[in-house]
**Student:** 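Can you read through this structure? Questions will come right after.
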Amino acid sequence: LQRSVQAVLRELSTQAPALQSNQGMWRWSLHKKVERDPGKSPALVRILLRELEKAESEDLRHVIIPLLHTVMYVLTKATGITEELYQRIYAFCTRLLTLPTPYCTVALDCAIRLKTETAVPGTLYQRMVIAEQNLMNELYPYQERVFLFVDPELVSASVCSALLLEIEAAQEQQTPEACMRHVVSHALQAALGEACHAGALHRKLQASPRRTLEQYFHAVVAAVEQMASEASPSREGHVERLEEIYCSLLGPAAGRRGGDPIQERPPSIPLPSPYITFHLWTGEEQLWKELVLFLRPRSQLCLSADLEVLDLQGLRPDRELARVSVLSTDSGIERDLPPGADELPAPSSPEMERAGLQRKGGIKKRAWPLDFLMPGGWDGPPGLHRRTGRPSGDGEVLPGVSRLHTARVLVLGDDRMLGRLAQAYHRLRKRETQKFCLTPRLSLQLYYIPVLAPEKPAASRQPELGELATFLGRADPWYQSNVNTLCPAIHKLAEMPPSLDSSQTVDPFILDVITYYIRMGTQPIYFQIYTVKIFFSDLSQDPTEDIFLIELKVKIQDSKFPKDGFSPRRRGVAEGPGAELSLCYQKALLSHRPREVTVSLRATGLVLKAIPASDTEVSGSRHCPLPAAPVTDHTCLNVSVTEVVKSSNLAGKSFSMVTNTFRTNNIQIQSQDQRLLTLSLDKDDQRTFRDVVRFEVAPCPEPCSGAQKSKAPWLSLHGQQEMEATRATPKPLLMPINTFSGIVQ
């Protein structure tokens, strides 16, 4: 175990090419060793805790979050951890709260879970299995589902079939009865420890019929959840309760472990992989439909009374004016009051305090949460630095409406697939403004695993279609080690012939890594979605709008549009390559001061990138001076213009190409001569626009954010204009992609 942990640490501390092929394998093999021999769990937890304390003392922050995730994953499965060891790990997490994000964010999440697990052992395992396997229970009604989306146009059929076969093979053995046995067995072993006869318990549960198994399952869940919900849970009381269930299951003599001189090795209790549904991507409407179908069996197309009111009433953009009518039962006559209503409570009582803040009957104004249109929340003005590390909460978005469902959407593919996912996400957010039915009930989590074409093996230069995956790997080293290295393994799986012998059990490496990423990747990185408005040379064709997430590429067409309305070029002037373009953009400044720049130049092409290519400094140009801030990670467009520079010498006139780069928040580009433009969004051939004369790019606003302005008649004209300007400030539409730590500073 010590050697395996050291191998994981070396993998994080070095960038040697020899270790690239084994990245992710050391972590997986470490967990497999403990899974095959659960008795090694306490020893592994002590080793990991010792390495965490060493990293804290030596300020080796790059290994803290990977080690925290590793120890929490072990603790979720383990059953023999002492209370003293739990408290040591909890104390370590509380010390990390003084560090900056993302360390304090991950440490806080671990500390919250450890506090419950210390008092009520087995809570993490039980809740995870119930939610992931959709085991119905009133005390813990949460449900989760993993939606795996693969576009057959971008991923080969062999990869799709190989992934589908591996998922189906793993889920065939995960029946509801088997999962309930695992929950009962794990809870009893975690609480009773060595006093639990694991072998006899396993045999008894295997022989129990389904009805009896369900009774013990609900009894164990009730004992764990009721104790965990108490303000100060007692570990001793929890052990006594589960001991009663254990004795009723194996008989009164089971509580006395003195009969067997030779103890058999306890059987391993696996942690079932989550319920995964496999989908072939067909269009941007598919995501909405699958999420609605996920809610339909539970809600039967009728979510709740308050949501029906919302659907009938519609969602007003002016959220302060959204009201719900309440029928008054107060007749206004004193004798109609109920008995005792004339007795006033004490002046300092809570009833008297609430009475001063509430209205009786009549029209009740509903105070919507400030960010109830946005699942991930939004705070403050749009800044340059990318948001990270704040996962969307699973709490209440509307009063009395809790999120019981979690949809974990996992997409496989390259940058083109992420562009299509951004289209679907934007479409979903627009539909939510029209019919507010998913956001109150559903927590949406997005995950991404890069699967690139096998023609380009791993080399020194990153593949062109994997820019966002490269950025996620730079931002989160644990993502780079576990997720970005899955692509070669997926292609190897697709090349292997399918095994016809179902009796052989093979450890599904790819499914295990996917499961680890889904469970432990809770820290999102937010990406700005940009909207582009396109104008065509054909005036009869209406302008169109689209969005992009990663890149917009501009090429100069060979064809020209008609000369009507355009001044002809003077005779004798060399036209040269490229096209004459007019650029009007607003500089991206940390001070948020508006500073517009307008330039005209001849260029052969442009590339607008929303993802920074590297951490190097952006070069300036003779038209665009150096940016005002260094490149770490900024939410802005990085524009690269291939400019044509004309020079004269003795041999005549010549042209050279110079690439100039600058940052901007929004930009307008128009062709000044007869050259037409071709736009390509997110490197996708299906999203190409030809015969373009002008286009405008700006951050995509959250649908209906500041779309309408409320007018107050009591304000002056100047006051109304100020209020409209304040309310019209658009909120950015950000798409979160979950990682293990967010952006490591």
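Quantities reported herein were computed from a predicted structural model and do not represent experimental measurements.
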**Student:** Who pairs with E240 by salt bridge (Lys or Arg N to Asp or Glu O under 4.0 Å), at least two apart in sequence or on another chain?
**Tutor:** none
**Student:** Mind listing the closest non-hydrogen atom pair of A91 and T94 along with its distance?
**Tutor:** O-OG1, 2.6 Å
**Student:** Is the shortest heavy-atom distance from the side chain of I81 to the side chain of Y86 under 4.5 Å?
**Tutor:**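 A side-chain contact under 4.5 Å exists here.
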**Student:** Starting at CG of L188, measure out to CD1 of I245 and round the result to the nearest 0.5 Å.
**Tutor:** 7.0 Å
**Student:** State yes or no: are the ring centers of Y90 and F92 separated by less than 6.0 Å?
**Tutor:**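 Centroid distance Y90-F92: not below 6.0 Å, so no.
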**Student:** Which heavy atom of N484 sits nearest to which heavy atom of G473, and what is that distance?
**Tutor:**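 Looks like ND2-CA, 3.6 Å.
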**Student:** Do E290 and F149 have side chains that get closer than 4.5 Å, going by heavy atoms?
**Tutor:** yes
**Student:** Is there a side-chain contact between V224 and H238, using heavy atoms and a 4.5 Å cut-off?
**Tutor:** yes
**Student:** How far apart are the C-alpha atoms of L114 and C93, what are their side-chain angles, what is the distance that settles it, and do they pass the side chain to side chain contact (heavy atoms under 4.5 Å, CB included) test?
**Tutor:** CA-CA 9 Å; L114 281 170; C93 291; 3.9 Å; yes
**Student:** List the steps and the verdict of side chain to side chain donor-acceptor pair (under 3.5 Å) for S443 and Q445.
**Tutor:** CA-CA 7 Å; S443 174; Q445 307 288 324; 3.1 Å; yes
**Student:** How close do C179 and P272 get, heavy atom to heavy atom, and via which atoms?
**Tutor:**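 That closest heavy-atom pairing would be SG-CG, 4.1 Å.
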**Student:** Distance check, rounded to the nearest 0.5 Å: Q215 atom CD versus S208 atom OG?
**Tutor:** 10.0 Å
**Student:** So do Q126 and H186 actually touch side chain to side chain, heavy atoms under 4.5 Å?
**Tutor:** no
**Student:** Could you report the tightest heavy-atom contact between L250 and K204, atom names first, then the distance?
**Tutor:**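 Result for this residue pair: CD2-CB, 3.5 Å.
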**Student:** Contact between Y447 and V483 at the side-chain level, heavy atoms closer than 4.5 Å - yes or no?
**Tutor:** no
**Student:** Roughly how far, to the nearest 0.5 Å, is the CG atom of L99 from the CD atom of E56?
**Tutor:**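 Answer rounded to 0.5 Å: 7.5 Å.
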**Student:** Give the minimum heavy-atom separation between S248 and Y216, together with the two atoms involved.
**Tutor:**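 Shortest heavy-atom contact: O-OH, 3.1 Å.
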**Student:** Between T123 and V120, is there a donor-acceptor pair closer than 3.5 Å when you use the side chain of the first and the backbone of the second?
**Tutor:** yes
**Student:** Is it the case that S185 and Q189 place a side-chain donor and acceptor less than 3.5 Å from each other?
**Tutor:**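 Side chains of S185 and Q189: pair found under 3.5 Å.
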**Student:** Among T82, L75, V34, T70, find the one that has a side chain to side chain contact (heavy atoms under 4.5 Å, CB included) with V45.
**Tutor:** L75
**Student:** May I ask you to check whether over 12 heavy atoms, not counting those of K77, lie within 6.0 Å of atom NZ?
**Tutor:**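 More than 12 heavy atoms, drawn from other residues, nucleotides or ligands, come within 6.0 Å of this atom.
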**Student:** Counting C-beta onward and ignoring hydrogens, is there a side-chain heavy-atom pair between W478 and S741 closer than 4.5 Å?
**Tutor:**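 No, every pair of side-chain atoms sits at 4.5 Å or beyond.
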**Student:** Would you call R88-E53 a salt bridge at under 4.0 Å N-O?
**Tutor:**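 Counted as a salt bridge, because a side-chain N and a carboxylate O are separated by less than 4.0 Å.
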**Student:** Are L271 and E35 close enough, and set up right, to give a side chain to side chain contact (heavy atoms under 4.5 Å, CB included), and what steps lead you there?
**Tutor:** CA-CA 9 Å; L271 180 58; E35 185 177 314; over 6 Å; no
**Student:** Kindly indicate whether the side chain of T515, heavy atoms from C-beta on, has any atom under 4.5 Å from the side chain of P274.
**Tutor:** yes
**Student:** Is there side-chain contact between R241 and Q226, with at least one heavy-atom pair below 4.5 Å?
**Tutor:**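 A side-chain contact exists here, since the closest heavy-atom pair is under 4.5 Å.
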**Student:** Below 4.0 angstrom, N of the basic side chain to O of the carboxylate: do E132 and R519 qualify?
**Tutor:**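 Yes, charged N to carboxylate O under 4.0 Å.
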**Student:** Any chance you could measure H405, atom NE2, to R441, atom CZ, to the nearest 0.5 Å?
**Tutor:** 8.5 Å
**Student:** Mark yes when over 12 heavy atoms from residues, nucleotides or ligands other than E58 sit less than 6.0 Å from its CD; otherwise mark no.
**Tutor:**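 Yes, because the 6.0 Å sphere around CD of E58 holds more than 12 heavy atoms from other groups.
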**Student:** May I ask you to say whether R127 pairs ionically with E225, meaning some side-chain N is under 4.0 Å from a carboxylate O?
**Tutor:**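 Here R127 pairs with E225 in a salt bridge, since their nearest N and O are under 4.0 Å apart.
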**Student:** Supply the atom-to-atom distance I65 CD1 to D476 CG, rounded to the nearest 0.5 angstrom.
**Tutor:**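 Answer rounded to 0.5 Å: 7.0 Å.
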**Student:** Looking at Q143, is its backbone amide N or carbonyl O close enough to the side chain of N134 to form a donor-acceptor pair, meaning the two atoms are under 3.5 Å apart?
**Tutor:** no
**Student:** So which heavy atom on S273 is nearest to which on L511, and how close?
**Tutor:**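 Closest approach of S273 to L511, heavy atoms only: OG-CD2, 4.1 Å.
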**Student:** Can you pull the salt bridge (charged side-chain N to carboxylate O under 4.0 Å, His left out) pairs that have at least one residue in residues 40-51, sequence neighbours excluded?
**Tutor:**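 Only R46-E84 qualify under salt bridge (charged side-chain N to carboxylate O under 4.0 Å, His left out).
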**Student:** Check each of I525, T485, L472 against Y479 using the side chain to side chain contact (heavy atoms under 4.5 Å, CB included) test, and report the only one that passes.
**Tutor:** L472
**Student:** Apply side chain to side chain contact (heavy atoms under 4.5 Å, CB included) to the pair N137 and L135, showing each step before the final yes or no.
**Tutor:** CA-CA 6 Å; N137 188 274; L135 301 177; over 6 Å; no
**Student:** Test side chain to side chain contact (heavy atoms under 4.5 Å, CB included) on L287 and L291; report intermediate values, then the result.
**Tutor:** CA-CA 6 Å; L287 179 61; L291 296 181; 4.3 Å; yes
**Student:** Is the backbone of T406 close enough, under 3.5 Å, to the side chain of R145 for a donor and an acceptor to pair up by distance?
**Tutor:**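 Judged by distance alone, no pair lies under 3.5 Å.
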**Student:** CD of E166 to CD1 of I276: how many Å apart, nearest 0.5 Å?
**Tutor:**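 Output value for this atom pair is 9.5 Å.
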**Student:** Is the gap between the ring centers of F294 and F147 under 6.0 Å?
**Tutor:** yes
**Student:** So that I can tick it off, tell me whether E214 and R210 are bridged by a salt bridge, with the cut-off set at under 4.0 angstrom between side-chain N and carboxylate O.
**Tutor:** yes
**Student:** Y73 vs Y516 aromatic rings, parallel, tilted or perpendicular, using cut-offs 30° and 60°?
**Tutor:** perpendicular
**Student:** Less than 4.0 angstrom from a charged side-chain N to a carboxylate O is my criterion; do D37 and K33 meet it?
**Tutor:** no
**Student:** Could you check whether Y448 and Y517 have their ring centres less than 6.0 Å apart?
**Tutor:**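 No, the ring centres sit 6.0 Å or more apart.
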**Student:** State whether a side-chain donor-acceptor pair under 3.5 Å links S232 with E230.
**Tutor:** no
